[in-house]
Amino acid sequence: MKKMLVFILTALAVVACTQSPTGRSQFIMVDGDTMAKMGVESFTAMKQEEKISTDKSLNRYVQCVATPILKTLPEGWQDDWEIVVFDSEQVNAFALPGRKIGVYTGILSVAENADQLAAIIGHEVGHVIANHSGERVSQSTAANMAMQGASILSQGSDYQQAIMTGLGLGAQFGVLLPYSRTHESEADVIGLKYLIEAGFKPEESMSLWENMNKLGGERPMEFMSTHPAPETRINNLAQHIKQYQSQGVKAKFSRPNCSK
Ligand SMILES: [Zn+2]
């Protein structure tokens, strides 16, 4: 028991309370390098397991859309991203810590134009910049620890609340597991800013979610399972487009000219 207590206290010593780009406080107990390493490893495995698209024009199109989005990221984040197009009917896309982006060809029929694809990429990159997977892992790690040592920690620990939150969330982890609603809404808001700054039309993000909604039963896990109701999401986007406009957020680059 004493050993366990030492382990828990050591682990908690590296806990950091940080803030996401929208100002939400985050509980992080896994460092960025570890997350990046996990992201790179998962991506390498995916590239070995899944078919990679060799369609040059499609690859060029995805690169053309992603490049201006990546140029709008905070300093230190703009370079060294790897973007892979997977040849799959799956309607999905993701971004991982370690600067990896995967786009499935299936999503290119849902994203009708470059602006809508930009909305997807902005959203995915938003998850990475806000360290949502680091937060999710921290929560599940905390949950595991709590299951083993809740009786010790609950006695006046500052971390009690965080541990309890972790317990409520359960101990799940996997790169393509759905994010929480909070993470999804936050990725929308962060991604929207990148979209505007990259020179794309932010209103198209609303059309994108309308298209996603029309998919019905084939809804991709990343985008729909824990997402806010489509109407709520579209309303939130409309509200944030106005807010960004009133804050003077505008395109930093000329409108990208990308076509399939
Ligand atoms: Zn998402």
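Atoms within each ligand, like the ligands themselves, are counted from 1 in listed order. Since the model is a prediction, treat every value here as computed from it, not as a measurement.
- No donor-acceptor pair under 3.5 Å is formed between the side chain of S25 and the backbone N or O of Q19.
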Please report the C-alpha distance between V110 and I120 in whole Å, then the side-chain angles of each, then the deciding distance to 0.1 Å, and finally whether the side-chain contact (heavy atoms from CB on, under 4.5 Å) criterion is met. CA-CA 10 Å; V110 181; I120 290 170; over 6 Å; no

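- Computed with the Zn ion (ligand 1) at the centre, the H127 NE2 to E184 OE1 angle is 110°, stated to 10 degrees.
- Here side chain to side chain donor-acceptor pair (under 3.5 Å) pairs that include residues 61-78, with residues two or more places apart or in two chains, number zero.
- The salt bridge (Lys or Arg N to Asp or Glu O under 4.0 Å) analysis of residues 82-91, with sequence neighbours excluded, yields the pairs K47-E82, K51-D87, E82-K100.
- Coordination check, D188 versus the Zn ion (ligand 1): failed, since every N/O/S atom of the residue sits at 2.8 Å or beyond.
- The nearest N, O or S atom of H123 is closer to the Zn ion (ligand 1) than 2.8 Å.
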